Amino acid sequence: MSSTEEIILLKKAWAREKMARAEAEKILEEKSMELYHTNNQLKELNVNLEREVEFRIQEAKQTESLFQDLIGAAADIIFKTDLSGNFTYINSVAEKLSGFSQESFINKNFQTLIRADYKEKLASHFYNQVKNRAKESYVEYPVITSSGKTVWLGQSTNLIFEDGEPKEFFALARNITKRIETEQKLSFSTTRLEAIITNLNSGILVEDANRRISLSNQKFCDLFSLPFSYGNLIGEDCSNMADEIKGLFKESNKFLKRISELLSNRESVFSDIIYLVDGKILERDYVPLFSMGEFIGQVWQYRDVTIQHQQDLIIKKSEEKYRGVIENLELGILEVDKSDKITKAYKQFTKLSGYSEEELIGVNPSELLLSDKFKAIMNQQVSKRMKGVSSAYEVPLKKKNGDVAWVIISGAPFFNANGEFEGTMGIHLDITERKQSESDLIKAKLKAEELIKIKELFLANMSHEIRTPMNAIIGMGELIEKTSLNNDQRTYVEAIQSSSSHLLNMINDILDISKMESGKMELDSIPFRVREMIDRIIDMVKVKAETNHVEIELIIEKNLPDFLTGDRMKISQVLINLIGNAIKFTLNGKVTISVKCVNFKGALKEVKFSVKDQGIGIKKEDFELIFENFKQVGNSSSRFYGGTGLGLPISSNIVKLLGGEIKLISEINEGSEFYFTIPLYSGKDVENLKGEEEKHTLITDFKGAKVLLVEDNPVNSLLATTVLKKWKCKVTAEVNGVDALKVLNEHDFDLILMDLQMPIMGGLEATRIIREERNINTPIIALTANAIKGDMDMCLRAGMNDYMSKPFKQVTFNLKLSRWLNS
Amino acid sequence: MKGIVFTEFMGLINDRYGLEVVQRIIDECDLDTEGAYTAVGTYSHKEFFKLLNKISEIEDIPVDEVLEDYGEYFFKTLSTSYPHFMDKEDLFDFLMSIDNYIHPNVLKLYPKAELPKFDVEESTDETLMLRYNSTRKMAHFGMGLITGASHYFGQKVKINKEAVSKNGEIVLLKISKV
C-alpha cells in the first residue's frame, strides 16, 4: 500500500471518528440535560418525601399505640403464628387464660396447648385454610391450661399473605367455655329427654303454645295406627288432628268434645279411658305446660290398657258374681281385723244379728254377741285363727232383740299381698232351726225309747198273761171236743179251736217280732235230721194242702248230710211259714220243697232251702214290700188269704240271724220261689269233733311246721305263741293284715292263724287278698271272740278253711292244728 | 444494539486485519452510519450482521469462528471496563451470576437493551450446563465470552454445544473443567 493510499485511509478513519465524536457529544449533551432535570425533580421530591415520611411515621406510631392499647386491653387472646403454628406474638390475655407466662409462648407450637382429642381436627382445619388460601376461618376447640383444666376457645384466624403467598396466621381467640358447657348440659338433658320419650311404652305428643308438635314418639303412631314414623309429626299443626283421626274412636263426638274441654280448661287430667274402633282401650293423661305462669304447650300421653281393662272387667265380673253368691247365700259374713274389731259386716249378718253395719263396725264381735260361757270357746278359736288355721264351731249369738240365734262359725284367716296375716273372715250359718229340730229329735228319741221299754214290758207281761188263759181256752176246747156233741156244738167248738189256735200263732208271731227287735232272740245249736224236720212240717200242712188241691213234692239232694247242727226250731219256723204261704196262694198246683248242700268246705256246709209254688206270683215292685212288718200285697189279699202279715218279715229276720238271706224269684200267674242259704255244721262232723276231742291224744311235735300267727292282742298272741312253740312249731307273729301280707311276700308258711278284728287291716280282707290276689293256698284258720253264726259264714266266704272261737281249749287247738298240718 | 459492540468489533478488525480491511468492509457494506460509531450510541443490529458476514466473506472465516474470536476479544474490554462484575471466586461462580446479577444491573443502565439469558440447567463441581436463549442467535459470541472469562479466572475449560434448537435461538452449552 502506498503512503497516499494510507493517508486516504487515515483521513477516512479520522472523518469517521469526528462523526462519531460529534454524535457522542450530542448524546452526552442530551443526557446531561436529562440528568439535570431529573436531578432537579429528585431534589424537590426529596424534600416532600421527608415531610411525607415524617407524617407517615407519626401516623403509624399513633396507629400502633392504638393497636397496642387495644390488644393489651382486649379480653380475647390475640396471637400470631407462622405457618407451622409456632407463636411469634401473643398478648397478655393468653397468660391469664392459660396460666402459662406470656414469654413462654414464643416459639412454642400452638398444637401443644390443644386437648389431645382435638389436635388432629385443628391441624386439618389450618392445613385446609392454607391449602384453600382462605383469608378467614373460625373454629372452636378446647385447650388445656397449666392447671390441667379445659378451656374452650372460639377462634377467628386470618391468613396473612406476602407477595401473594401465605406467610403467617393472625388469630383472635375468645373464651367460650361457659357457652359450650351450657350447650353441653342442654344437649345432654335434651338428648336424655328425647331418649326417655322415645323409649316410653306410652304414646307421647308434646305441643307448643301454637299447637305445633314439638316432640312425639313411635309408640304414639303405633297406638293410632298412623302409617308413618313419628319424625313426620314434628312441626305439624295439631289443631285439626283430632278431627282428622276422630274416626278411630268409638264415640268420636264424645272424644272431640272431651279434647276441646281439656284444651279450654287447661288442667291436668289423668287416666281418661278411650275406646278405639279396633277394640283397643287407651288411657289418656293430659298435662298443660306453664313456664313462669305462661302457657307454653301441653303433653298428651296415651297408654294401651286393653289387657288390664279386660282383666279388670273379668275380675270385676267375678267379684260381682261372688258378691252376688255371698249376698244370696244364707250366710252372715264378718270381716275382723288383727285386733279383733269388725271391719265389714255383710247384709245377711246384719239380718241375722239384728244390728246394722254401722253398729257393728269397730266392735269386738265376741264382746257384743256372745255370752261369757262361749267367749272362752271363741277366744280359743280366735287364737287358732291368728296362727292361720281355719276352723268351724257352733255357738249361740245374742241378737239385738235378746233372742238367741245358733250359728256355725267358720273362720278363715286372710292375708295381704305380702303374705302377712291381715285379719279373719267369719262365716255364720244360722242353724237355729236345725238346733230346734235337733233338740226336738232328742226329746222324741228319748220318748220313743221310753215307749219301747214300756212296750217290751207290756209284751213280756202279755206273753205270760195271754198265754195262761190261751192255754186254758185251748186245753178246755180239746176236752170239750172229746165229749159227745151234736153237730152244731161240734161246729162251734171247732171254730173256737181254730180261732184260738190262730190267736196263739198271732201272739207268738208278735212275741217273735218284739224279741228280734230287742235283739233278744237266741240261737240253739242242736244236731237234727233234715228229712225228719221237713216231714213233720209237711204233716202239719197236709190238711190245708189237700183242701187247696196242692201236691207237695220234697227233693233232698244226696250231697246233703243226714245230720245237720243248728237251730232246728228257727229253720222249721221259716220253712212252715214259706210252705204255708206257698200252699195258701196255690190252687190246684204243686209246691216243691228242695234242700241241697252248695258248699262243702270242711265241716261247715252251706245248705240251700227252697220252696217253689205255682201260685199267683208277686209283682217285682212288691218284692221288698212283702218283707216289711204288717204289710200284705194288695188291699184285699189279707181278707181273702188271711194272716197277720208278719210271717215273711219274721222269717226274713230269722234267716238273717242264721247267717243267710231269703231271696225271691217270681212271675205273676206263674208262681214264686223263696229260697235261702245258711251255713250249718254237718251233724256228723260235730259229733266227730266232740268224739275226737274226747279221744284225741295231744300231738306235741309238729316237726318245725311254719305257722304265721296274725293277732293284735299281745296277751292272746303270747299265749298262742307259747303253746305253738311248746308243740315245736316255728312261729312268726304279726299284728295286722298288712304286716302279714308283707311277711308272706318273703316267706312260705304251712298254716296261718288269723284274727278277724285288727287295726289297719282285718283278717277277712287279708284273707281275700291272700286268696284272690296272691293265689296262696296255705290253710287259714280264723280266730275270733264272736261266737256268732254269721261270722263263720263270712270267714268261709272270704276263703278261710276253718274256724275257732276264743277262748279255745288246748285240745281243740291241737286237734285243728293236727287236722290242717297233716292234710 | 449498543454502540460498544460496533466500536469494539471495528477495533478487532483493525487489530487482526488492519485499517485497509476496516475501510473495505465499510465501503462494501453500504452502511447508513458510514461506519462512524460511538460507544454510547445505539445502532441497528442489521449493520452488525452485515459487517460480520462481510468479514467472514473477505477473510473466508466461518461466521461462528469470527463471533467466538470477537467474544474472547470483547471480554477483555468488559473485564477492564467493569471490574466490579468480576469480583467472583471462580469461573462457574461468575457464569452463574450473569443472569442474576450482571444482566439485571446492565438493564438498570440501559433499560432498552436486549440481553440474552443464561439459565443454569445443572451444576456440579466439574461441569456447568448453561442454556443460552436469544433471538440474536449469537451463541458463539457467548462461547467466546466464556473462553475470555476462563482466561481471566485462569481456569481451563472445554465448551461443547450439547444441543441446538430454534435455529440457534436456544443452545445448551456444557462447560467442563479441564
Side-chain angles (χ1 to χ4, degrees), chain A residues 1-54 56-57 82-84 130 133 160-168, chain B residues 1-48 50-52 54-55 58-59 74 77 81-82 100 104-113:
Chain A
M1 188 174 62
S2 69
S3 58
T4 316
E5 284 168 341
E6 203 170 350
I7 290 163
I8 290 164
L9 271 178
L10 287 169
K11 279 184 181 173
K12 281 183 179 175
W14 170 246
R16 284 201 301 273
E17 285 301 318
K18 255 172 72 181
M19 271 170 69
R21 196 178 76 193
E23 200 190 336
E25 280 163 357
K26 197 178 130 201
I27 291 166
L28 280 172
E29 186 63 33
E30 282 167 10
K31 287 283 175 189
S32 295
M33 284 305 290
E34 209 178 300
L35 273 170
Y36 174 75
H37 289 304
T38 310
N39 199 30
N40 281 347
Q41 278 176 346
L42 276 171
K43 277 181 184 164
E44 206 178 323
L45 265 172
N46 200 26
V47 175
N48 288 338
L49 199 65
E50 273 172 17
R51 279 197 219 119
E52 182 77 14
V53 166
E54 184 102 351
R56 288 280 167 85
I57 287 169
D82 62 20
L83 291 181
S84 313
V130 174
R133 304 170 78 84
I160 308 296
F161 292 83
E162 194 174 271
D163 291 337
E165 289 303 317
K167 191 194 168 211
E168 59 181 357
Chain B
M1 192 174 262
K2 299 313 293 179
I4 193 169
V5 177
F6 290 87
T7 55
E8 288 302 308
F9 190 61
M10 287 308 184
L12 173 77
I13 308 278
N14 193 44
D15 285 1
R16 294 278 192 272
Y17 312 111
L19 195 58
E20 273 181 300
V21 178
V22 172
Q23 191 59 51
R24 189 179 162 186
I25 60 170
I26 291 169
D27 290 342
E28 290 182 14
C29 280
D30 189 20
L31 304 162
D32 291 347
T33 58
E34 293 172 32
Y37 302 107
T38 169
V40 294
T42 302
Y43 309 99
S44 164
H45 64 279
K46 284 172 189 167
E47 279 198 10
F48 179 75
K50 271 185 186 171
L51 294 168
L52 183 61
K54 188 53 78 182
I55 193 72
I58 291 169
E59 296 296 331
F74 192 61
T77 313
S81 304
Y82 305 99
N100 297 331
N105 279 298
V106 171
L107 281 172
K108 283 179 194 168
L109 209 60
Y110 305 106
K112 289 176 184 172

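Chain naming here is simple, since letters A, B, ... match the order of the sequence lines and numbering starts at 1 in each. All of these numbers come straight from a predicted model, not from anything done at the bench.
- Shown here for G41(B) and I27(A), the closest heavy-atom pair between the two residues is CA-CD1, 3.7 Å.
- Residue-environment remark: CZ (R56(A)) stays at or below the threshold of 12 foreign heavy atoms within 6.0 Å.
- Dense packing is recorded around CG of N48(A), with more than 12 heavy atoms of other residues, nucleotides or ligands lying under 6.0 Å away.
- A heavy-atom distance below 4.5 Å is found between the side chains of R16(A) and I26(B).
- Around CD of E52(A), the count of heavy atoms belonging to other residues, nucleotides or ligands within 6.0 Å exceeds 12.
- Heavy-atom minimum distance, M19(A) versus A36(B): CB-CB, 3.6 Å.
- For the atom pair CD of E20(B) and CD of E5(A), the computed distance is 7.0 Å after rounding to the nearest 0.5 Å.
- Surrounding CD of E44(A) are at most 12 heavy atoms belonging to other residues, nucleotides or ligands under 6.0 Å away.
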Candidate pair V40(B) and E25(A), rule side chain to side chain contact (heavy atoms under 4.5 Å, CB included), full reasoning: CA-CA 9 Å; V40(B) 294; E25(A) 280 163 357; over 6 Å; no
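- When heavy atoms are compared at a cutoff of 4.5 Å, L10(A) approaches chain B by way of both its backbone and its side chain.
- Scanning both residues, T38(B) and A20(A), for their nearest heavy atoms gives CB-O, 3.5 Å.
- Shown here for K12(A) and D27(B), the closest heavy-atom pair between the two residues is NZ-OD2, 4.2 Å.
- For T33(B), the part lying near chain A is the backbone, with the side chain staying farther off; criterion is any non-hydrogen pair under 4.5 Å.
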